[in-house]
Amino acid sequence: MINSSLKQLGQQLASKQVSSVELTQAYLQRMAKLNPSINAYVTIDEQKTLAQAQAADARIAAGTAGPLTGIPIAQKDIFCAQGWRTTCSSKMLENFIAPYDAHVISQFDAAGAVNLGKTNMDEFAMGSSNETSYFGGVKNPWDFDRVPGGSSGGSAAAVAARLCAAATGTDTGGSIRQPASLCGFTGLKPTYGLVSRYGMIAFASSLDQAGPMAKSAEDCALMLNVMAGFDERDSTSVQREQEDYTRGLSAMQGTQPLKGLRIGLPKEYFAEGLNADVAKVIETAIAEYKKLGAEIVEISLPNNNLSIPVYYVLAPAEASSNLSRYDGVRYGHRAAEYNDLLDMYMKSRAEGFGAEVKRRILIGTYVLSAGYYDAYYLKAQQIRRLIAQDFVEAFKQCDVIMGPAAPSAAFKAGEKTSDPVAMYLEDLYTIAVNLAGLPGMSIPAGFTTSSEGKALPVGLQIIGNYFDEARMLNVGHAYQQVTDWHTRMPAGLENI
């Protein structure tokens, strides 16, 4: 049952083979056994979860169920959920109980999905390894000595270890796609504005985007059907006709279902910085796409090498502004002892934020300060436009762009914590997509082998044009019809 797709689980629920309560209890029991080791969840409330499952069973019995009604889903702890502790994995919000639902949460509630709990993450979504969490790092289910990626590492580990049927994540610079690659599942970052950011605790507002994390492209399509849609409470939410992202998924027929598809391969993605073993996996996946009828086109993204320095000017600048609200006055951590108001601000923020968050606030405040704004922030915005223009030109030659989602397989915990630049380079192939506001996804494409002989997943990144999620999902689905990488799960966890 834990390996069933969302569609299969929906069919089992509809045919009364299993109830939502029984399905939910099965996941809760698995979480009780594995979460102490993996640390994927930071908040679990069985009473609330089972109450939702009971309500879902009532909907199913009444014949008013939707495709995700009764299915247990994990929610990243960046989404406010009414009555649930919502921490962003920070001491600053350790005891914060959300008084309202984020748009994403309310959408899943309306669909009848069951909230299994809130998942661990890098503090305020700042990190690429899930090691900056106040609640401790998350373990990669494929190798407990390695990281699951970040910042959505808790959701990633939960999906990979089958501690949920699917999960939500957020992607500011690759935080869905990179952990999807490192943990061996499908993760999709939608076009900026497709999914409302209302109630999603802000890191960098012009980059943050919520998206689905699940076993397959088909599962992500079902999730996106629920998540996408206009929300007037978010000024960046795009008003457009509702789509069915599962359309066309079942129409993949014949030996060459992708005949006529042009796949662009950026030469910059296969240059220095890419692990040789990862490159072999990606090349094998591209060869499979050729068999499916796709045409390969070499393209160039000449400004891709500037995406990391641009991102680490813009994202910290926005973080500096967004995190200024945490001052110990209205909510969040407040220092126990202080002399005056200024002292309270300083001590509360010093105690409440971790090292990586402080580092980014300092950088962001610096680049926004008088005398440096033009030299850093304004220049970064200008280069951001050039990066976006590179994609505009590339999509004149191809329909989708492919390459690695991460430069290497999962690395060992602690390996890069003392070198922030090495950690930042983990997002080498994902950041430009966020800067341009494009959709991107990672699908399992194979494995490399660690020095200890353990299989480590590798993800293939698929980048689409604006609002071209349906095509991306079809392209991913076609590959998953002829490969089984997305069905694999970590050794030793199958029978728990």
Side-chain angles (χ1 to χ4, degrees), residues 3-8 10 67 159 166 176-177 180-181 184-191 194 211-225 228 243-266 269 278 280-299 394-395 397-405 429 433 438-447 457-488:
N3 276 321
S4 297
S5 68
L6 295 183
K7 186 177 180 179
Q8 290 168 337
V159 174
I176 287 175
R177 290 160 290 153
S181 177
F185 62 89
T186 305
L188 185 144
K189 177 254 171 205
T191 303
L194 186 67
M213 305 171 75
K215 291 186 279 290
S216 67
E218 183 179 49
D219 284 359
C220 283
L222 285 167
M223 294 269 286
L224 194 58
N225 277 349
E243 284 193 62
D244 176 10
Y245 294 100
T246 63
R247 75 181 192 277
L249 293 185
S250 59
M252 296 292 174
Q253 297 174 350
T255 56
Q256 291 195 322
L258 297 181
K259 190 170 180 61
L261 180 79
R262 298 170 301 163
I263 295 175
L265 299 184
Y269 283 13
V278 170
K280 288 178 185 175
V281 172
I282 300 302
E283 287 163 5
T284 303
I286 298 298
E288 193 64 53
Y289 271 105
K290 287 183 184 177
K291 293 179 188 176
L292 292 170
E295 174 192 349
I296 306 302
V297 180
E298 184 178 291
I299 61 170
F395 280 117
Q397 305 170 58
C398 62
D399 301 307
V400 296
I401 296 170
M402 289 189 185
Y429 306 117
V433 176
L438 290 163
M441 65 186 289
S442 174
I443 60 173
F447 293 86
V458 172
L460 171 72
Q461 182 174 207
I462 303 171
I463 303 167
N465 212 336
Y466 297 105
F467 302 107
D468 211 7
E469 283 81 1
R471 190 208 298 263
M472 286 168 48
L473 288 161
N474 286 353
V475 170
H477 181 70
Y479 179 78
Q480 291 178 341
Q481 296 307 291
V482 295
T483 61
D484 69 349
W485 305 119
H486 63 291
T487 67
R488 309 281 184 94

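All of these numbers come straight from a predicted model, not from anything done at the bench.
- Not a single donor-acceptor pair under 3.5 Å links the side chain of Q461 to the backbone N or O of M402.
- The two atoms that bring D468 and D399 nearest to each other are OD2-O, 4.3 Å, heavy atoms only.
- Applying the ring-ring contact (aromatic ring centres under 6.0 Å, His included) criterion to Y269, with sequence neighbours excluded, gives Y429.
- Taking S181 as the reference, A405, A406, S442 meet the side-chain contact (heavy atoms from CB on, under 4.5 Å) condition, with sequence neighbours excluded.
- Remark: the backbone N or O of C220 is not paired with any side-chain donor or acceptor of Y245 at under 3.5 angstrom.
- Judged by distance alone, the side chain of Q480 and the main-chain N or O of A217 form a donor-acceptor pair under 3.5 Å.
- Residues passing the salt bridge (charged side-chain N to carboxylate O under 4.0 Å, His left out) test with E469, sequence neighbours excluded: none.
- Applying the side-chain contact (heavy atoms from CB on, under 4.5 Å) criterion to E288, with sequence neighbours excluded, gives K291, Y479, V482, T483.
- In this view, Y466 satisfies the ring-ring contact (aromatic ring centres under 6.0 Å, His included) rule with no residue, not counting sequence neighbours.
- For E283, the salt bridge (charged side-chain N to carboxylate O under 4.0 Å, His left out) test picks out no residue, with sequence neighbours left out.
- Interatomic distance, CD1 of I299 versus CD1 of I263, reported as 11.0 Å (0.5 Å rounding).
- Note that OG1 of T246 is 14.5 Å distant from CE of M223, once rounded to the nearest 0.5 Å.
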Check the pair F395 / L438 against side-chain contact (heavy atoms from CB on, under 4.5 Å), numbers first and verdict last.
CA-CA 11 Å; F395 280 117; L438 290 163; 4.1 Å; yes
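- Side-chain contact between P266 and I401 is present, with heavy atoms from C-beta onward closer than 4.5 Å.
- Using a distance-only test at 3.5 Å, with no hydrogens or angles considered, no donor-acceptor pair links the side chain of K215 to the main chain of L6.
- For the pair I443 and G476, the tightest heavy-atom approach, listed with the atom from each and the gap, is CD1-CA, 4.1 Å.
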Take Y289 and V400 through the side-chain contact (heavy atoms from CB on, under 4.5 Å) test and state the conclusion after the steps.
CA-CA 12 Å; Y289 271 105; V400 296; over 6 Å; no
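- I286 contributes atom CD1, which lies 5.0 Å from atom CG of L265 (distance to the nearest 0.5 angstrom).
- A445 approaches L460 most closely through the heavy-atom pair CB-CB, 3.8 Å.
- A pairwise comparison of heavy atoms in I296 and K290 identifies CG1-CE, 3.4 Å as the closest pair.
- Contact record, P190 with L224: CG-CD1, 3.9 Å, taken as the closest heavy-atom pair.
- In this structure, I282 and V458 have side chains that are in contact, with non-hydrogen atoms separated by less than 4.5 Å.
- Put simply, the side chain of N225 does not reach to within 4.5 Å of the side chain of P67, judged on heavy atoms.
- Note that the CZ atom of R177 and the CD1 atom of I462 stand 12.0 Å from one another [nearest 0.5 Å].
- Smallest separation of non-hydrogen atoms from D219 and A214: CB-CB, 3.4 Å.
- With values rounded to the nearest 0.5 angstrom, I463 atom CD1 is found 8.5 Å from M472 atom CE.
- Rounding to the nearest 0.5 angstrom, the gap separating the CD atom in Q481 from the CD atom in E218 is 7.5 Å.
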